[in-house]
Amino acid sequence: MPEFTISSEQLTDFAAYLRTEERSPGTIENYLRHIRAFTVWLDGAPVTKETAAAWKNSLQESGRAPSTINAMLAAINGLFHFLGWDGCRVKFLRVQRRLFRDAGRELTRPEYERLMETARSRGQERLALLMETICATGIRVSEVQYITVEAAKRGRTDIFLKGKIRTILLPEKLCRKLLKYAQKHKTASGEIFLTRSGRSLSRRQIWAEMKRLCRYAGVEPEKVFPHNFRHLFATIFYRACKDIVRLADVLGHSSIETTRIYLMTSGAEHVRQLDRLGLIL
């Protein structure tokens with residue numbers, strides 16, 4: 001089996017390739033971070049099928065979640081395929097479909113409302129409106145850039161991501177809030193959520209602001225991240241319409257199986273459902 005090494009030039013070329021494949025900036029960032037973690041773990045050792053498998057084993061021993069491990073393996077497997085090192089690729093962990101979510105990571109509606117109230121009381125108007133926008137529309141954090149003055153005036157926005165175009169309808173009340181915020185900050189056109197210097201908000205900045213807010217809102221930081229607001233939207237939307245196909249379209253999922261993950265209840269809710277069966281006499 002040939003031995004290979006990973007260079008910075010190869011990572012640059014791989015990132016460029018991912019962009020041509022229209023992968024989202026967040027996905028590219030995650031792939032590169034996982035690959036760098038692999039190279040640090042290698043500590044100068046060559047890349048082989050054996051070292052890749054050993055890294056996989058070390059990830060399992062570290063206690064990481066199987067889904068996290070598979071995401072990290074997807075990154076190195078993608079690089080190996082790009083470089084023609086298919087012989088080094090490793091198999092993903094086989095994960096049985098989970099029936100319920102970890103309650104320690106489930107953001108509830110009362111917690112969401114507490115976060116909103118705290119952000120507003122602390123004068124964090126932008127963060128409060130940003131959380132409200134994500135939770136009221138189900139958009140991804142990478143799609144915040146599509147919330148523009150023009151979209152708020154139309155009441156809809158067209159999102160171009162992952163090779164697909166989907167239209168998101170914006171609630172009328174949200175549009176009024178967005179336009180009022182834009183007018184206050186003298187934003188006549190384009191993106192609404194900007195930094196003080198007029199740049200787009202980065203995923204990292206949004207994440208950090210949400211985490212800091214947790215200390216004041218009394219909400220566990222593990223529950224507060226942009227994607228969990230999307231999960232909360234999905235749960236409430238499904239309870240209202242009971243149409244998983246429609247929900248999949250709104251979220252931009254190619255597979256309903258992905259949407260099903262969003263609808264998993266907590267373990268406590270699952271137990272309550274079992275109790276309601278009335279089979280314990």
Side-chain angles (χ1 to χ4, degrees), residues 1-99 101-102 104-105 140-143 160-164 202-208 222 225-228 230-231 248 251-262 264:
M1 175 68 67
E3 295 182 348
F4 306 102
T5 56
I6 300 173
S7 67
S8 58
E9 291 78 11
Q10 288 169 329
L11 287 185
T12 300
D13 292 343
F14 183 52
Y17 164 75
L18 292 175
R19 285 191 287 272
T20 63
E21 291 291 299
E22 298 184 356
R23 299 296 185 95
S24 71
T27 297
I28 296 173
E29 181 183 345
N30 287 337
Y31 268 39
L32 296 180
R33 185 174 69 253
H34 297 327
I35 293 169
R36 291 189 183 103
F38 175 54
T39 57
V40 169
W41 180 87
L42 284 172
D43 193 25
V47 176
T48 65
K49 173 76 171 182
E50 291 71 26
T51 54
W55 187 56
K56 172 183 172 181
N57 291 335
S58 74
L59 293 176
Q60 290 179 266
E61 292 170 358
S62 70
R64 286 181 171 85
S67 59
T68 301
I69 294 174
N70 281 341
M72 299 176 81
L73 296 180
I76 64 168
N77 280 344
L79 175 67
F80 295 163
H81 179 68
F82 170 72
L83 295 174
W85 302 352
D86 288 310
C88 296
R89 299 174 73 181
V90 290
K91 293 183 179 180
F92 295 107
L93 298 179
R94 297 184 63 182
V95 183
Q96 181 179 352
R97 181 184 295 156
R98 296 180 60 185
L99 296 178
R101 297 185 69 197
D102 179 1
R105 289 176 62 83
R140 301 175 176 90
V141 67
S142 59
E143 296 169 342
F160 303 83
L161 197 65
K162 298 186 177 181
K164 296 180 293 185
S202 68
R203 174 195 301 257
R204 184 172 300 175
Q205 184 174 354
I206 294 171
W207 186 293
E222 292 77 12
F225 50 93
H227 211 65
N228 241 11
R230 185 167 148 88
H231 272 279
L251 294 175
H253 291 160
S254 300
S255 169
I256 290 179
E257 290 303 308
T258 303
T259 311
R260 287 182 58 167
I261 297 173
Y262 281 64
M264 287 190 299

> If we ignore angles and hydrogens, is there a donor and acceptor under 3.5 Å between the side chains of Ser142 and Arg140?
Replying inline: no
> Between Leu32 and Leu11, what is the shortest heavy-atom contact and its length?
Replying inline: CD2-O, 4.0 Å
> When you measure from the side chain of Asn77 to the backbone N and O of Arg89, does any donor-acceptor pair fall under 3.5 Å?
Replying inline: no
>> Using a 3.5 Å distance criterion without hydrogens, assess whether the side chain of Arg230 forms a donor-acceptor pair with backbone atoms of Leu251.
In response: yes
>> As an exercise, state the distance from CZ of Arg33 to CE of Met72, rounded to the nearest 0.5 Å.
In response: 8.0 Å
> Where is the tightest heavy-atom contact between Ile76 and Ala52, given as atom of each residue plus distance?
Replying inline: CD1-CB, 4.5 Å
> From Ile69 CD1 over to Trp55 CH2, what is the distance, rounded to the nearest 0.5 angstrom?
Replying inline: 9.5 Å
> When the ring planes of His231 and His227 are compared, do they come out parallel, tilted or perpendicular, using 30° and 60° as the limits?
Replying inline: perpendicular
>> Show the nearest heavy-atom pair for residues His34 and Ala75, with the distance to one decimal.
In response: CB-CB, 3.7 Å
> Atom SG of Cys88 and atom CD of Glu50: how far apart are they, to the nearest 0.5 Å?
Replying inline: 8.5 Å
>> If I compare all heavy atoms of Leu59 with all of Ser62, which pair ends up nearest, and what's the gap?
In response: O-OG, 2.6 Å
> Just wondering, do Phe38 and Val47 contact through their side chains at under 4.5 Å, heavy atoms?
Replying inline: yes
> Lys56 and Lys91: which non-hydrogen atoms are nearest, and at how many Å?
Replying inline: NZ-O, 2.7 Å
> Atom CD1 of Ile6 and atom CZ of Arg36: how far apart are they, to the nearest 0.5 Å?
Replying inline: 11.0 Å
> How many angstroms lie between atom CG of Leu83 and atom CZ of Phe14, to the nearest 0.5 angstrom?
Replying inline: 8.0 Å
> Do Phe82 and Leu18 pass the side-chain contact (heavy atoms from CB on, under 4.5 Å) test, and can you show the C-alpha distance, the side-chain angles, and the key distance before you say yes or no?
Replying inline: CA-CA 10 Å; Phe82 170 72; Leu18 292 175; over 6 Å; no
> Which value, rounded to the nearest 0.5 Å, describes the distance between Thr48 atom OG1 and Phe4 atom CZ?
Replying inline: 10.0 Å
> Mind checking whether Trp207 and Phe225 have parallel, tilted or perpendicular rings, split at 30° and 60°?
Replying inline: parallel
>> Can you give me the closest heavy-atom contact between Thr51 and Trp41, atom names plus distance?
In response: O-CZ3, 3.4 Å
